[in-house]
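Working notes, structure below.
Chain A is the first sequence line, chain B the second, and so forth, proteins listed ahead of strands; every chain is numbered from 1. Keep in mind that the numbers below use all heavy atoms, side chains included, and drop hydrogens, waters and symmetry copies.
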2 protein chains.
Amino acid sequence: MRADARDNRLRILTAADEVFGQSPQASTDAVAKLAGVGIATVFRHFPTKTELLEAVLTQRLERLRDQALTLASSDNAGRAFYMFFSRVVSESAVKLAIGEALIAAGGAAGEDARKAAAGLREAFGSLLAEAQRVGAVRRDAGLPEVYALLIGASRGATARHLEPEVRDRMLTLVYDGLRPAS
Amino acid sequence: MRADARDNRLRILTAADEVFGQSPQASTDAVAKLAGVGIATVFRHFPTKTELLEAVLTQRLERLRDQALTLASSDNAGRAFYMFFSRVVSESAVKLAIGEALIAAGGAAGEDARKAAAGLREAFGSLLAEAQRVGAVRRDAGLPEVYALLIGASRGATARHLEPEVRDRMLTLVYDGLRPAS
DNA sequence: GAAAATGCGGAGAGTTGACTTCGGTTACAA
DNA sequence: TTGTAACCGAAGTCAACTCTCCGCATTTTC
């Protein structure tokens, strides 16, 4: 692979992350413009728009998974769990919007994105299990519902440009529901 | 207004609710087909697609507000609050998707929809206040964060066709966070 | 330093969807 | 019953967007 090609691919991915982050239904033109390349170049690297969206989504999911894995090796499992939860809610809102655009556009998510999503879910599961083991999260809470709550909280926070204080108070409510009954 | 015109308008609204409920980005053609009228008829009643979406959304929001008001006159404020919360989460998933499509399409929501949304929020606020008065919901929870939680839970439930049992377990977590510390 | 191969960019083909036009039809009043 | 005004639907316009073709530039290799 030629050096300029690899370079362009990276530039396109970065630009796509930025553009789709702001509006997941932006046109491919917009991505090309921001990346400073022609439209054809974008389509050469990512034959369809769906594949481009998927690449961006996969990248974001993997980044989150890595953060979860890093936190999992922390010595305070409870803190790690709640910290990751908060981080996802405040930062990853965009990712979910992209995932939805992808599903809406291409029907089903591609193999890579699916695998990345499963990886993230698994990493989050480890975090949850550890937090439950040390008594920071109630034991009767299963991964499916906690994960749903994570996604919901993220999307609720995105929906209307929630102010940080309101978001934090909302998370307080969520966390109080997750803690073991004292 | 001629009788057939009023009739058609109603048929179009019903069809639009159905079509946009399944896929908010459906074409106007699809709505016309389901309503059994020509495309021009749809555009005569709703000059732009945005207005059609807004009409559907407004209708749904008002329906929800009416349900909230009905429940508010119940004699068990706590039960009324949690029942409404659950109902919104299980039923209104679609409405949020429509609202999002509207915002994505038209930029800002129209006047009618905005007013209907405010009405719903206010009705929900009454429900919350009553529930707090009788001690069914903790007093330090404000309307903004509880409303954000409502929206988030709804959207989390929509995101991935959540199974009913998982959804209920998620709501258990949310409700435990909302109850006063025992 | 030049040939060969590979990547690049802009113009355009093809499709999709919002919105309009116009001839024919139907509801309502006299 | 009949005139007319409003309404209806099919076909058409127009803009936007995804994806392709082809001449040109750049990198690589000897």
Euclidean distance, atom [atom1] of residue [X] to atom [atom2] of [N] [Å, nearest integer]:
X: Q25(A); N: dA16(D); atom1: CD; atom2: P; result: 15 Å
X: I39(B); N: dG12(D); atom1: CD1; atom2: C1'; result: 11 Å
X: D29(A); N: dG10(C); atom1: CG; atom2: C1'; result: 11 Å
X: D4(B); N: dA6(D); atom1: CG; atom2: P; result: 13 Å
X: L52(A); N: dC17(D); atom1: CG; atom2: P; result: 15 Å
X: R44(A); N: dC22(D); atom1: CZ; atom2: P; result: 14 Å
X: F43(A); N: dG7(C); atom1: CZ; atom2: P; result: 18 Å
X: R9(A); N: dT6(C); atom1: CZ; atom2: P; result: 18 Å

- Task: Name the nucleic acid region contacted by A3(B), choosing base, sugar-phosphate or nothing; use a 4.0 angstrom heavy-atom cut-off, strictly under.
- Result: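 Counting heavy atoms under 4.0 Å across all strands, the contact made by A3(B) is with sugar-phosphate only.
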
- Message: By the 4.0 Å heavy-atom rule, please label A5(A) as base, sugar-phosphate, or nothing.
- Response: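 Sugar-phosphate, backbone atoms only, no base.
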
- Task: To the nearest 0.5 angstrom, please state how far the CZ atom of R169(B) sits from the CG atom of L171(B).
- Result: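 Going from the CZ atom of R169(B) to the CG atom of L171(B) covers 11.5 Å.
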
- Message: Can you work out whether T48(B) or R11(A) has the more 5'-proximal nearest nucleotide on DNA chain C?
- Response: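 It is R11(A), whose closest nucleotide lies nearer the 5' terminus.
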
May I ask you to verify if any side-chain N or O of [X] is less than 4.0 angstrom from the OP1 or OP2 atom of [N]?
X: T28(B); N: dG17(C); value: no
X: H45(A); N: dC8(C); value: yes
X: N8(B); N: dC7(D); value: no
X: S27(B); N: dG17(C); value: no

- Task: For R179(B) and G135(B), indicate whether the former's side chain and the latter's backbone hold a donor-acceptor pair under 3.5 Å.
- Result: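 No.
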
- Without swapping roles, check the side chain of Q67(B) against the backbone of V88(B) for a donor-acceptor pair under 3.5 Å.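 Absent.
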
- Aromatic rings F85(B) and Y175(B): how do their planes relate, parallel, tilted or perpendicular, breaks at 30° and 60°?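 F85(B) and Y175(B): perpendicular rings.
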
- Taking it one step at a time, do L13(B) and H45(B) satisfy side-chain contact (heavy atoms from CB on, under 4.5 Å)? CA-CA 10 Å; L13(B) 253 183; H45(B) 287 285; over 6 Å; no

